[in-house]
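In what follows, chains carry the letters A, B, and so on, assigned in the order in which the sequence lines appear, proteins first and then strands, with residues in each chain numbered from 1.
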Amino acid sequence: MKLGFSPQEEAFRAECADWLQAQMTGEFRDIRGITTLTAKAERRKEWEQHLGEHGWSCIGWPKAWGGRDATLAEQVIFAEEYARAGVPGRVNHIGIELAGPTILAFGTEEQKRRFLPGIAAGSTIFCQGFSEPGAGSDLASVRTKGRLEGGEWVVNGQKIWTSLAHISDWIFVVTRTEDGSKGPKGLTFLMMPLDQPGIEVRGITQINGDAEFNETFFTDARCPADSMIGGVGDGWKIAMGLLAFERGVSTLGQQMAFRNELDEIIAAARANGAAGDPLIRQRIARAEIGLRLMRYGALRMLSNTDHSKIDGAALTYKIQWATWRRSLGELAMDVLGQAGEIAEGEAYEWGTLPNLFLYSRADTIYGGTNQIQRNLIAERGLALPREPRGDL
Amino acid sequence: MEFAFTDEQMMIADTAFAFFRENATSDRTRKAMAAEGIDRELWSAFCTELGLSGVGLPEEHGGSGLGMVEFAIIAEAAGARVAPLPMLGLATAARAIAAGGSEAQKAEWLPKLISGEAIASCERVAQLAEQGGRLTGTITPVPHGALADVFVFFSPGKAWLVRADAPGVTVAAHVTMDQTRPFATVTLEDVLAEPLADPQAAIAALHAGGWICLAAEALGGAQEALDRTVAYARERVQFGRPIGSFQAYKHRLADMLVEIEQARSAVYWAACAVDEQSDEAALALHAAKSFCADTFFMVAGNMIQLHGGIGFTWEHDAHLFFKRARSIQTMLGNGSFHREQVATMVLGEAA
Ligand SMILES: Cc1cc2nc3c(=O)[nH]c(=O)nc-3n(C[C@H](O)[C@H](O)[C@H](O)COP(=O)(O)OP(=O)(O)OC[C@H]3O[C@@H](n4cnc5c(N)ncnc54)[C@H](O)[C@@H]3O)c2cc1C
């Protein structure tokens with residue numbers, strides 16, 4: 001067991017920090033410190049390409065596909081320095097963290113050649129089309145239909161809550177391709193270009209006034225037959241494999257962003273005197289402890305190479321950080337007081353902390369709600385009886 | 001960076017968990033609880049046959065080197081059985097002597113403490129009159145105080161070694177809620193005390209050792225309490241189905257695991273940070289002690305609730321976990337104290 005980094009790793013840290021700092025004080029200083037997913041989307045697409053050009057886009061990928069074959073420690077370091085430098089979140093995080101690894105794991109050589117270079121170069125932005133109006137937590141109930149016709153997949157139906165679909169180039173969708181099938185059987189995983197007459201994207205405004213997610217309508221939308229990952233009927237297996245990538249190294253970068261949020265709360269508490277309130281002090285200490293434990297939980301999860309064992313650290317990670325961040329949002333508002341409830345300008349737009357308060361209400365919903373997480377922990381981690389279904 | 005056990009650490013874990021599972025049985029623990037609150041035979045077997053009592057103590061005095069991570073593994077294993085053993089004294093007093101004692105003090109006490117011939121206890125003193133190397137005052141509550149052969153007493157900037165058989169020492173045992181680690185009151189009347197040569201080092205070492213010991217015990221106890229409750233949830237049937245199939249019940253078990261996983265990160269982060277002398281060590285120790293104690297208490301309380309009536313009986317082991325958890329919460333600083341230390345680190349002193 002070892003926590004420290006080697007001198008070579010520390011040198012790598014300095015290299016990352018220097019490069020990122022230089023970009024954030026130079027050419028890309030206008031995007032530094034942005035905390036929402038949608039602001040300055042076009043500039044951030046340029047940033048994706050800039051990362052790609054300099055080989056910093058997906059350092060954990062194989063060299064052959066635009067990565068650096070970076071070790072786990074190096075990926076951790078890069079993720080930490082990325083957020084520390086105030087670089088905004090990746091608008092292509094779904095491409096880098098979900099689509100790419102899924103193609104690497106389950107795609108054909110031809111599919112890797114087709115998609116990976118574009119993802120690595122920041123020129124192919126992906127979004128995720130899983131949820132539907134009738135299939136949220138119960139993802140296996142998807143009804144969007146796919147059928148093969150003249151060497152193409154033809155897709156009809158509707159997805160919803162599709163984050164960043166309005167700025168993406170491709171969408172991966174789970175479709176029902178076997179008539180009359182139910183649940184996880186008869187599903188197929190397809191990659192579709194968004195820019196086509198059969199796909200319409202309509203924004204949905206969220207509680208913070210932002211519109212990060214969308215409704216995505218498919219009316220005889222098309223993609224080539226070989227845009228399918230895995231085989232016909234393998235959709236559930238691929239979708240589950242993809243969701244496992246969600247707990248990758250990027251979680252550590254996310255934590256450094258949380259660090260910035262907590263630091264902002266600490267600064268606000270010092271400035272307005274809340275730091276003298278013993279109850280606020282206790283809560284800030286709890287938040288600090290929770291954040292540290294999140295880091296070491298993630299390092300434990302990433303260091304675990306024995307995948308034969310159910311990994312409690314990995315299984316509990318999502319609910320842990322989501323719940324922590326929701327409390328952080330509440331703490332932020334208690335520290336700010338009513339000042340936190342007044343917008344700075346004319347628009348319904350919020351600074352980092354009030355936005356954290358509002359946005360963190362989504363953290364316990366997307367990627368599996370807290371209730372679904374508890375079901376998974378109890379069923380997979382503790383081998384308790386599964387939830388009964390009302391149908392099937 | 002590799003936050004996982006090495007092969008050697010895995011072996012220590014396997015050995016320690018197997019040893020306590022086999023030997024620290026409920027029957028034996030209950031016998032000890034009804035008597036003086038220690039299983040002497042088990043302690044002797046732990047010190048001699050298993051030979052893990054010297055972990056983290058210097059080799060030249062009978063210790064086996066290694067560090068806090070290995071010690072935490074052992075304390076976790078003992079904590080999982082709520083074993084009635086003077087592990088805490090080994091974690092605090094022995095480490096204080098090793099870090100701050102003179103060569104003579106080390107040579108006299110460490111081999112005996114490691115072999116189990118002598119038992120140590122340690123406590124902070126609030127008020128003590130010191131005159132010409134002689135101490136007068138009352139110290140309470142002293143964990144396993146009635147069994148100790150040697151005490152390390154400390155107050156800010158000072159630490160003394162006191163022999164239990166020194167003239168002027170009186171010890172009164174208390175009926176204690178957690179009967180696996182009973183308290184005593186020690187009264188000193190003009191007792192000849194040996195100051196530890198380097199009190200700062202001694203106090204730092206006993207805090208690190210004590211906090212890690214309690215945090216690791218709490219982790220082991222919490223995990224075991226969860227495991228036993230899960231086993232019960234699968235076998236007990238009500239309304240025609242295992243109670244573990246009810247979502248309200250399942251979700252509570254899930255919440256217990258969420259806390260335990262964080263407690264696990266806390267213990268080994270703190271232990272590793274101490275071993276590596278990382279500048280995070282102080283924060284990690286306060287985090288581990290407060291977080292693990294709270295986790296254990298939450299889990300042990302749920303253990304009673306989720307067992308129903310049987311969980312409220314003397315016969316069932318749930319109360320052993322519950323009472324140990326309660327006692328760990330306050331021992332060596334309660335949660336508010338440790339969190340305030342963290343708050344001071346991140347916010348500065350309270351106004
Ligand atoms: C900001 C945001 C971004 C998102 N981005 C995307 C995206 O890019 N792509 C995508 O595909 N999806 C996305 N989603 C959708 C997200 O995955 C779903 O909202 C989520 O899975 C929940 O589904 P639902 O909204 O249909 O709620 P429902 O499943 O209807 O749940 C409603 C309530 O019922 C509870 N519930 C449901 N089933 C159970 C059960 N078995 N036991 C106990 N309680 C239960 C839930 O916990 C919840 O509290 C996003 C959501 C948000 C909020």
Go through the atoms of [X] and report whether side chain, backbone, both or neither lie under 4.5 Å from a heavy atom of chain A.
X: B:D7; result: neither
X: B:Q9; result: side chain
X: B:E276; result: side chain
X: B:F291; result: side chain
X: B:T344; result: both
X: B:L226; result: side chain
X: B:T6; result: both
X: B:V346; result: both

Quick one about [Y] and [X] (side-chain donor to acceptor, distance below 3.5 Å, no hydrogens or angles considered), yes or no?
X: B:R264; Y: B:Q223; result: yes
X: B:E76; Y: B:Y268; result: yes
X: A:Q371; Y: A:N375; result: no

Go through the atoms of [X] and report whether side chain, backbone, both or neither lie under 4.5 Å from a heavy atom of chain B.
X: A:I319; answer: side chain
X: A:E288; answer: side chain
X: A:A383; answer: both
X: A:E387; answer: both
X: A:N370; answer: neither
X: A:R386; answer: backbone
X: A:I284; answer: side chain
X: A:R300; answer: both

Who among [options] has the most heavy-atom pairs with chain A under 4.5 Å?
options: B:G244, B:A263, B:A233; answer: B:G244
options: B:A343, B:S265, B:A284, B:S290; answer: B:S265
options: B:Q262, B:H251, B:E2; answer: B:H251
options: B:V230, B:D227, B:V69; answer: B:V230

**OP:** Assess whether side-chain hydrogen bond (donor to acceptor under 3.5 Å, both in side chains) is satisfied between B:Q329 and B:D294, documenting all intermediate values.
**Re:** CA-CA 7 Å; B:Q329 280 199 301; B:D294 287 351; 3.1 Å; yes

Could you tell me whether [X] and [Y] make a salt bridge, using a distance below 4.0 angstrom between a side-chain N and a carboxylate O?
X: A:D363; Y: A:K318; result: no
X: B:E280; Y: A:R292; result: yes
X: A:R13; Y: A:E81; result: yes
X: A:R281; Y: A:D277; result: no
X: B:R228; Y: B:D317; result: yes

Could you tell me which of [options] has the largest number of non-hydrogen atom pairs under 4.5 Å with chain B?
options: A:I289, A:L72, A:T323; answer: A:I289
options: A:A313, A:A73, A:G381; answer: A:A313
options: A:T71, A:I266, A:L293; answer: A:L293

Original post:
At what distance, to the nearest 0.5 angstrom, does CE of B:M68 lie from CD1 of B:I73?
Top reply: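 Result: 13.0 Å between the selected atoms.
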
Original post:
Do A:R295 and B:W269 meet the cation-pi criteria used here (NZ or CZ under 6.0 Å from the six-membered ring centre, within 45° of the axis)?
Top reply: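 So A:R295 doesn't make the cation-pi contact.
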
Original post:
Which of parallel (below 30°), tilted (30 to 60°) and perpendicular (above 60°) describes B:F239 and B:F246?
Top reply: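 Perpendicular, since the angle between the ring planes exceeds 60°.
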
Original post:
Which class fits the ring pair B:H338 and B:W211: parallel under 30°, tilted 30 to 60°, perpendicular over 60°?
Top reply: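 Ring orientation of B:H338 relative to B:W211: perpendicular.
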
**OP:** Check whether the ring centres of B:F3 and A:Y296 lie less than 6.0 Å apart, and answer yes or no.
**Re:**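 Judged by ring-centre distance (under 6.0 Å), B:F3 and A:Y296 do meet the cut-off.
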
